[in-house]
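Reckoned from all heavy atoms, side chains included, excluding hydrogens, waters and symmetry mates.
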Amino acid sequence: MKEELMERLRQFLGRADNASLSGTPAGDEQIASAERLLDVRFDADYIEFIKAFGGAYAGLPVHAFANGSAMGNETVVELTLDFRKQYEGTVTEAETLLRSGLVISLDGSGDPILIASTGEVYICYHDSGETSMLAGSFAELIEDNFFEY
């Protein structure tokens, strides 16, 4: 991710009044273990983010292994496994994306937001099974959604 964006995130998430928005930074072994369990390679920008902030709010909740207390306890592993199970056998683009992707967030309706194996970020609409690309990359997703307040 661009250093300018990372610095903006550090400034925002480092404020005392935002302490509940960031979690415990992820470690290399946690990441490696999750990659093995899920049979995916984590996106490099996502790794940079979670190693700095853990699960944190950056315009949208970004789940990791230990999230900020304002976000909920679901880990990236739990979210990914849960949605893979929910979409299993649906023969939809969502199932295909989920098989090799990583669920990092939920929208306000409970729809999973995932990083595909190609690096693009998608949302899967649970009502219809349709998908929509939100951003060309994790970094782009954060750049498009993060605004300090």
Side-chain angles (χ1 to χ4, degrees), residues 1-87 93-94 96-126 130-149:
M1 290 180 38
K2 294 178 185 174
E3 184 53 38
E4 176 188 339
L5 178 58
M6 287 297 290
E7 184 55 32
R8 288 177 49 215
L9 288 162
R10 280 186 207 95
Q11 291 291 323
F12 177 77
L13 294 170
R15 290 184 357 210
D17 60 330
N18 290 335
S20 66
L21 299 179
S22 63
T24 304
D28 291 332
E29 185 49 44
Q30 284 177 305
I31 294 166
S33 177
E35 287 179 325
R36 285 189 302 272
L37 178 67
L38 298 172
D39 195 26
V40 298
R41 295 285 305 154
F42 281 19
D43 177 82
D45 288 331
Y46 174 71
I47 290 172
E48 181 180 7
F49 181 92
I50 66 173
K51 285 177 91 171
F53 310 111
Y57 181 80
L60 71 160
V62 177
H63 291 256
F65 307 108
N67 305 319
S69 61
M71 287 180 44
N73 297 324
E74 301 89 355
T75 70
V76 65
V77 171
E78 292 166 340
L79 288 173
T80 301
L81 291 175
D82 182 50
F83 280 102
R84 283 181 180 176
K85 185 175 181 179
Q86 286 183 39
Y87 282 83
E93 183 181 19
T96 302
L97 289 169
L98 283 160
R99 242 184 280 132
S100 60
L102 183 68
V103 178
I104 59 162
S105 189
L106 301 172
D107 76 350
S109 299
D111 296 317
I113 297 172
L114 65 96
I115 302 173
S117 60
T118 59
E120 298 164 329
V121 180
Y122 290 86
I123 186 167
C124 300
Y125 298 103
H126 62 270
E130 295 178 5
T131 63
S132 180
M133 188 171 79
L134 297 177
S137 68
F138 176 77
E140 183 182 313
L141 177 76
I142 301 303
E143 287 180 36
D144 290 348
N145 287 279
F146 176 65
F147 298 97
E148 298 88 337
Y149 53 82

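- For E4, the CD atom counts as loosely surrounded, since its 6.0 Å shell holds 12 or fewer non-hydrogen atoms of other residues, nucleotides or ligands.
- Listed by first and then second residue, the ring-ring contact (aromatic ring centres under 6.0 Å, His included) pairs that reach into residues 52-75 are F49-F53, sequence neighbours excluded.
- A donor-acceptor pair is defined here as one N or O able to donate and one able to accept, closer than 3.5 Å; such a pair exists between the side chain of R84 and the backbone of L38.
- In this structure, the separation between CE on M6 and CZ on R10 is 4.5 Å, given to the nearest 0.5 Å.
- Note: L9 CG to M1 CE = 5.0 Å, rounded to the nearest 0.5 Å.
- In terms of heavy atoms, G101 sits closest to V40 at O-CG1, 3.8 Å.
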For residues 109-118, dump all side-chain donor-acceptor pairs below 3.5 Å to protein atoms at least two apart in sequence or in another chain.
from	atom 1	to	atom 2	distance (Å)
D111	OD1	H126	N	3.0
D111	OD1	H126	ND1	2.3
T118	OG1	E120	OE1	3.3

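- Using modelled atom types, one side-chain atom of D43 and one backbone atom of Y46 make a donor-acceptor pair closer than 3.5 Å.
- Closest approach of E140 and S137 over heavy atoms only: N-OG, 3.1 Å.
- For the atom pair CD1 (I47) and CD1 (I31), the distance works out to 5.0 Å, reported to the nearest 0.5 Å.
- Each ring-ring contact (aromatic ring centres under 6.0 Å, His included) pair with one or both residues in residues 11-33, not counting sequence neighbours, appears once here: F12-F146, F12-Y149.
- Judged by distance alone, the side chain of S22 and the main-chain N or O of G68 form no donor-acceptor pair under 3.5 Å.
- Of all heavy-atom pairs spanning N67 and G72, the tightest one is ND2-O, 3.1 Å.
- The minimum heavy-atom distance between D45 and A139, with the atom names listed, is OD2-CB, 3.4 Å.
- For the atom pair CG (L81) and CG (L37), the distance works out to 5.5 Å, reported to the nearest 0.5 Å.
- Annotation: the span from L106 atom CG to M71 atom CE amounts to 9.0 Å, rounded to 0.5 Å.
- Nearest heavy atom pair, residue N73 against residue E78, reads O-OE1, 3.8 Å.
- Remark: L97 CG to L102 CG distance equals 12.5 Å, nearest 0.5 Å.
- A donor-acceptor pair is defined here as one N or O able to donate and one able to accept, closer than 3.5 Å; such a pair exists between the side chain of T80 and the backbone of V103.
- In terms of heavy atoms, C124 sits closest to T131 at SG-CG2, 3.8 Å.
- Every salt bridge (charged side-chain N to carboxylate O under 4.0 Å, His left out) that R99 has, sequence neighbours left out, goes to E95.
- Shown here are the salt bridge (charged side-chain N to carboxylate O under 4.0 Å, His left out) partners of E148, two or more places apart in sequence or in another chain: R8.
- Among residue pairs with one or both ends in residues 33-42, those qualifying as side chain to side chain donor-acceptor pair (under 3.5 Å) are E29-R36, E35-R41; sequence neighbours excluded.
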Inset, instruction - Test V62 against I142 for side-chain contact (heavy atoms from CB on, under 4.5 Å), laying out the working first. - result: CA-CA 9 Å; V62 177; I142 301 303; 3.9 Å; yes
